[in-house]
Amino acid sequence: MPRLSAAVRALVLPLVAVVALSSAPAAGAEQRSSGLPPGFTELADVDPTIVQEMRYATVHNFTGVRVEGYQRPRCLLTRPAAKALHRVQRGLLRRGYTLKVYDCYRPQRAVDAFVAWAKDLGDVRMKAEFYPRVEKSRLFEDGYIAAKSGHSRGSTMDLTVVPLPVRRTRPYVPGEPLVPCYAPKAARFADNSLDMGTGFDCFDTLSHTLDPRVQGTQRANRLLLKSAMEAAGFVNLAEEWWHYTLRNEPFPTTYFDFPVR
């Protein structure tokens with residue numbers, strides 16, 4: 001952990017406790033990362049204070065099922081991306097915030113599963129939350145689903161900013177009533193992050209990072225994340241406020257398919 005003031009350390013302690021439930025490194029952490037392809041690491045081995053809420057290892061995502069290739073809720077990244085993310089975290093901790101990742105490395109088989117799901121027009125179980133204003137038949141044409149993803153190159157992540165001390169996000173209950181991802185923060189699914197104007201993976205133009213309709217505190221929160229990430233060498237995808245890629249990624253043309261396990 002970086003050198004921090006006593007006050008900030010007091011805020012970080014609950015955060016570390018939350019992370020420890022699922023992703024904190026144990027004595028064999030270095031050995032675990034060594035089982036990955038060369039150049040990859042567990043984010044928790046580089047920075048255990050970054051909160052992990054790996055959505056595709058759960059059923060609370062736009063498909064409504066645990067996604068193929070996500071056998072464990074672990075954030076895997078290339079080492080340069082993980083180290084750059086640690087630099088972002090170090091700065092945010094001093095300001096009373098922490099990063100939270102929703103997705104990191106994504107196996108190609110998971111991308112293939114997204115494509116297959118998008119072709120099944122009858123499966124709209126999560127439409128009311130994640131794409132209420134978009135017809136499923138248009139997900140390819142509108143660019144929400146594609147056959148390749150930068151995530152599979154290992155240096156792209158989906159993330160947000162959470163205020164300290166971290167409050168636990170309640171678990172999703174399958175079958176519970178769904179609320180549009182662009183609803184007011186108090187109405188949509190609970191998330192312990194700052195209010196970014198929409199939830200994660202919201203298939204809507206309101207998710208565009210600089211959409212002019214997003215103003216005030218919501219816009220300021222997006223810009224907080226954007227400025228912190230860009231200062232560490234990341235580039236934002238303009239259509240998704242949560243999506244960032246390391247500018248000098250080590251595998252710019254390689255799409256990996258090893259599972260997250």
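The shown structure was predicted, so the numbers you read here are calculated from the model rather than taken from an experiment.
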Could I get the full list of salt bridge (charged side-chain N to carboxylate O under 4.0 Å, His left out) partners for Asp211, not counting sequence neighbours?
Arg213

Apply side-chain contact (heavy atoms from CB on, under 4.5 Å) to residues Arg55 and Tyr70 and explain how you reach the verdict.
CA-CA 10 Å; Arg55 287 289 188 87; Tyr70 290 90; over 6 Å; no

Contact list for residues 172-183, test salt bridge (Lys or Arg N to Asp or Glu O under 4.0 Å), sequence neighbours left out:
Arg170-Glu176

Out of curiosity, Phe62 CZ to Asp201 CG, how far, rounded to the nearest 0.5 Å?
5.5 Å

Check: residues 132-139 side-chain donor-acceptor pairs under 3.5 Å, at least two apart:
unit_1 : atom_1 : unit_2 : atom_2 : d
Arg133 : NE     : Asp204 : OD2    : 2.9
Arg133 : NH2    : Asp204 : OD1    : 3.0
Arg133 : NH2    : Asp204 : OD2    : 3.2
Lys136 : NZ     : Trp117 : O      : 2.8
Lys136 : NZ     : Asp120 : O      : 2.7
Lys136 : NZ     : Asp123 : O      : 2.6
Arg138 : NE     : Asp142 : OD1    : 3.4
Arg138 : NE     : Asp142 : OD2    : 3.3
Arg138 : NH1    : Glu141 : OE1    : 3.4
Arg138 : NH2    : Asp142 : OD1    : 2.8

Counterpart residues, side-chain contact (heavy atoms from CB on, under 4.5 Å), relative to Val59 (two or more places apart)
Tyr172, Pro174

Worked check of side-chain contact (heavy atoms from CB on, under 4.5 Å) between Thr217 and Leu194
CA-CA 9 Å; Thr217 300; Leu194 297 177; over 6 Å; no

Salt bridge (charged side-chain N to carboxylate O under 4.0 Å, His left out) partners of Lys83, counting only residues at least two apart
none

Rounded distance (nearest 0.5 Å) linking atom CG of Asn61 with atom CZ of Arg66:
11.0 Å

Is any side-chain heavy atom of Glu230 closer than 4.5 Å to one of Arg247?
no

Leu164/Val162 under side-chain contact (heavy atoms from CB on, under 4.5 Å): CA gap, chis, key distance, verdict
CA-CA 7 Å; Leu164 296 175; Val162 175; over 6 Å; no

Less than 4.5 Å apart, side chain to side chain, heavy atoms only: is that true for Met54 and Val260?
no

In Å and rounded to the nearest 0.5 Å, what is the CG to CG distance from Leu210 to Leu223?
6.5 Å

Any heavy-atom pair between the side chains of Val214 and Leu206 that's under 4.5 Å?
yes

Say you draw a straight line from CE of Met196 to CH2 of Trp242; how long is it, rounded to the nearest 0.5 Å?
11.5 Å

So do Lys100 and Thr169 actually touch side chain to side chain, heavy atoms under 4.5 Å?
yes

Could you name each residue pair satisfying salt bridge (Lys or Arg N to Asp or Glu O under 4.0 Å) that touches residues 108-117, not counting sequence neighbours?
Arg109-Asp257

Just how far is it from atom CG of Leu85 to atom CG of Leu92, taken to the nearest 0.5 Å?
9.5 Å

Set out, in order, the CA-CA distance, both residues' side-chain angles and the distance that settles side-chain contact (heavy atoms from CB on, under 4.5 Å) for Phe140 and Val115, then state yes or no.
CA-CA 9 Å; Phe140 288 107; Val115 171; 3.8 Å; yes

Donor-acceptor contact below 3.5 Å, side chain Gln89 vs main chain Leu99
yes

Residues at least two apart in sequence or cross-chain that pass salt bridge (charged side-chain N to carboxylate O under 4.0 Å, His left out) with Arg106, listed by chain then number, are Asp103, Asp158

Knowing that exactly one of Lys185, Arg188, Arg222 qualifies, which makes a side-chain hydrogen bond (donor to acceptor under 3.5 Å, both in side chains) with Asp195?
Arg188

List for me each residue that meets side-chain hydrogen bond (donor to acceptor under 3.5 Å, both in side chains) alongside Thr198, sequence neighbours excluded, and say none if there are none.
Ser207, Trp241

Run the side-chain hydrogen bond (donor to acceptor under 3.5 Å, both in side chains) test on Asn221 and Tyr97 for me, step by step, so that the C-alpha distance in whole Å, both residues' side-chain angles and the decisive distance to 0.1 Å come before the verdict.
CA-CA 11 Å; Asn221 291 339; Tyr97 301 104; 5.8 Å; no

Who pairs with Tyr144 by ring pair (Phe, Tyr, Trp, His ring centres under 6.0 Å), at least two apart in sequence or on another chain?
Phe203

Below 4.5 Å, heavy atoms only, C-beta onward: do Glu53 and Phe200 meet side chain to side chain?
no

Could you check whether Tyr102 and His243 have their ring centres less than 6.0 Å apart?
no

Please list all pairs passing the salt bridge (Lys or Arg N to Asp or Glu O under 4.0 Å) test where one or both residues lie in residues 143-156, with sequence neighbours left out.
Arg153-Glu249

Among residues at least two apart in sequence or on other chains, which ones pass ring pair (Phe, Tyr, Trp, His ring centres under 6.0 Å) with Tyr105?
Phe40, Phe258

Heavy-atom distance under 4.5 Å between the side chains of Thr209 and Leu225, does that happen here?
no

Work out which heavy atom in Ser149 is nearest to a heavy atom in Val111; give both atom names and the distance.
CB-CG2, 3.8 Å

Pairing residues for Glu129 by the salt bridge (charged side-chain N to carboxylate O under 4.0 Å, His left out) criterion, not counting sequence neighbours:
none

How long is the straight-line distance from NE2 of His208 back to SG of Cys202, given to the nearest 0.5 Å?
10.0 Å

